[in-house]
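A quick write-up on the structure given underneath.
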Amino acid sequence: MFINDESQKQVLPILAKAAVTPVVEAQHRASQQLQLNPGQQVKAEIISNLPNSLYIARVAGELYHLEIPMNVAPGETLEMTFLTADPRVTFQVLRPEVGESVKLSSMGKWLADVVKNAQPLPPQEPLLEFPEQASAHLADRLKSALTQSGLFYESHLAQWAGGALQLKELLKEPQGKLSRAAEGEGGEGDGKESAAADFADSRTLPLIKEQLQLLNSGVLAWRGEAWPGQDMELAIREGDEERWEQGIEATLSLDLPRLGGVKATLRFSVEGLSVDCVCNRPGSSELMRNEGVELRAALESCGLHLTRLAAKDE
């Protein structure tokens with residue numbers, strides 16, 4: 001690449017490197033000509049193209065002969081950022097304002113459509129039939145609801161292939177219920193509707209969307225009824241090292257008859273369990289603190305050591 005120095009009447013060579021994001025380098029004198037600061041953005045207007053990937057472009061009012069390892073046409077504009085003048089002047093080409101669009105594969109297009117158009121998951125069945133069952137069965141039912149939700153079906157499929165999981169456990173998950181193995185056990189027969197491009201059964205699209213969101217956010221979310229009439233939301237994530245020690249963090253949201261709305265953040269670590277509650281009904285936080293001894297004893301009976309219990313009104 002060459003730069004035309006009108007004041008010196010000479011040509012300074014500029015080299016170009018091929019990369020995913022092309023980088024253009026110039027000799028040190030170019031920095032004095034351009035008078036740019038690191039991080040400053042400039043535009044290169046392509047005037048005409050020459051043989052061997054050479055282009056004539058106008059940058060900061062000066063004409064350049066550019067050697068650019070990408071296809072551009074006269075009239076297009078490249079946005080460049082001035083990086084440094086030491087040891088050589090370096091520009092980074094950000095993108096052409098008018099250029100080739102990113103092309104997605106058929107699978108990529110299909111996944112984009114899933115995220116955009118998939119319908120939400122149908123309502124979950126209540127975990128328990130009666131509130132009185134909570135202390136004895138809620139944990140087991142919640143575990144089953146999460147593990148058999150279909151979000152981990154591919155992982156469970158690999159476990160089954162390795163002999164670590166029985167087929168009957170796979171068939172309890174939504175994808176398993178749509179499989180041919182389930183059909184052989186009295187499941188639905190032929191005539192199933194296929195999704196776009198035959199990548200998946202259309203009835204699994206909400207699950208695929210949930211899987212993509214889980215991979216993107218790292219948060220496992222469950223929404224449903226703990227028992228009839230009692231809504232519950234649960235979100236589980238890995239601990240944030242910047243805010244607290246490593247472990248598992250879960251956020252539980254309930255609207256209880258006596259306490260009102262309660263949002264509890266539970267942090268599990270090797271030291272034990274930490275609980276922080278926020279209540280939207282005045283006085284509920286004080287009631288929770290007063291019952292802290294009973295809560296601590298109940299957790300100890302389950303093998304959980306309560307290291308902290310804090311409650312406040314919203």
Side-chain angles (χ1 to χ4, degrees), residues 102 104-128 137-162 164-183 187-188 192-240 247-255 261-268:
V102 177
L104 295 178
S105 65
S106 56
M107 173 62 80
K109 293 178 181 178
W110 181 77
L111 290 174
D113 289 339
V114 168
V115 173
K116 181 178 180 180
N117 300 319
Q119 297 298 316
L121 289 170
Q124 304 265 1
E125 293 291 331
L127 298 177
L128 304 172
H137 303 292
L138 182 58
D140 289 338
R141 300 285 177 84
L142 181 58
K143 178 181 177 180
S144 297
L146 291 174
T147 56
Q148 297 175 3
S149 64
L151 294 178
F152 309 101
Y153 180 74
E154 288 75 18
S155 176
H156 294 164
L157 194 63
Q159 294 177 17
W160 168 75
L165 193 67
Q166 296 184 0
L167 179 60
K168 65 178 182 180
E169 296 299 321
L170 277 178
L171 300 182
K172 293 179 181 179
E173 302 186 36
Q175 298 94 324
K177 293 177 181 178
L178 297 173
S179 67
R180 293 181 179 179
E183 293 174 16
E188 298 183 23
K192 293 182 180 180
E193 179 185 357
S194 296
D198 294 328
F199 285 120
D201 190 292
S202 62
R203 288 166 290 182
T204 66
L205 296 186
L207 277 169
I208 294 174
K209 180 179 181 179
E210 291 289 326
Q211 288 177 316
L212 292 173
Q213 291 176 342
L214 173 59
L215 290 172
N216 182 55
S217 66
V219 178
L220 172 60
W222 184 91
R223 300 174 184 84
E225 290 184 314
W227 51 83
Q230 178 57 68
D231 293 331
M232 184 176 79
E233 294 185 7
L234 177 67
I236 305 172
R237 62 178 64 83
E238 290 185 348
D240 187 346
I248 300 297
E249 180 178 285
T251 302
L252 179 66
S253 298
L254 295 163
D255 195 346
V262 177
K263 182 177 181 179
T265 301
L266 300 87
R267 298 183 176 95
F268 300 85

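Since we're looking at a predicted model, the values are computed, not measured.
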May I ask you to check whether over 12 heavy atoms, not counting those of W160, lie within 6.0 Å of atom CH2?
-> no

Would you give the length of the straight line joining atom NZ of K168 to atom CG of L170, rounded to the nearest 0.5 angstrom?
-> 12.0 Å

Residues two or more places apart in sequence or in another chain: which of them pass salt bridge (charged side-chain N to carboxylate O under 4.0 Å, His left out) with E169?
-> K172

With a 3.5 Å cut-off and sequence neighbours excluded, list the donor-acceptor pairs that the side chains of residues 138-153 form with protein atoms.
from : atom 1 : to   : atom 2 : distance (Å)
R141 : NH1    : L127 : O      : 2.9
S144 : OG     : D140 : O      : 3.1
T147 : OG1    : K143 : O      : 2.9
T147 : OG1    : S144 : O      : 3.4
S149 : OG     : L146 : O      : 2.8
S149 : OG     : L151 : N      : 3.3

side-chain contact (heavy atoms from CB on, under 4.5 Å) filter on Q124, not counting sequence neighbours, yields W222

Are T251 and R237 close enough, and set up right, to give a side-chain contact (heavy atoms from CB on, under 4.5 Å), and what steps lead you there?
-> CA-CA 9 Å; T251 302; R237 62 178 64 83; 3.6 Å; yes

side-chain contact (heavy atoms from CB on, under 4.5 Å) involving S217 - partner list, sequence neighbours excluded | V219

E225: partners by side chain to side chain donor-acceptor pair (under 3.5 Å), with sequence neighbours left out | none

Atom pair CD (E249) and CD1 (I236), whose distance is rounded to the nearest 0.5 Å | 11.0 Å

Only counting residues at least two apart or in another chain, list the ones meeting side chain to side chain donor-acceptor pair (under 3.5 Å) with E173.
-> H156

Rounded distance [0.5 Å steps], CD1 in I248 versus CD in E238 | 5.5 Å

Using side-chain contact (heavy atoms from CB on, under 4.5 Å) as the criterion, list what pairs up with P174, not counting sequence neighbours.
-> L207

Test log, rule side-chain contact (heavy atoms from CB on, under 4.5 Å), inputs D231 and D255 = CA-CA 7 Å; D231 293 331; D255 195 346; over 6 Å; no

Set of side chain to side chain donor-acceptor pair (under 3.5 Å) partners for Q211, sequence neighbours left out | E154

Could you tell me the separation between the CD atom of E233 and the CZ atom of R223, rounded to the nearest 0.5 Å?
-> 5.5 Å

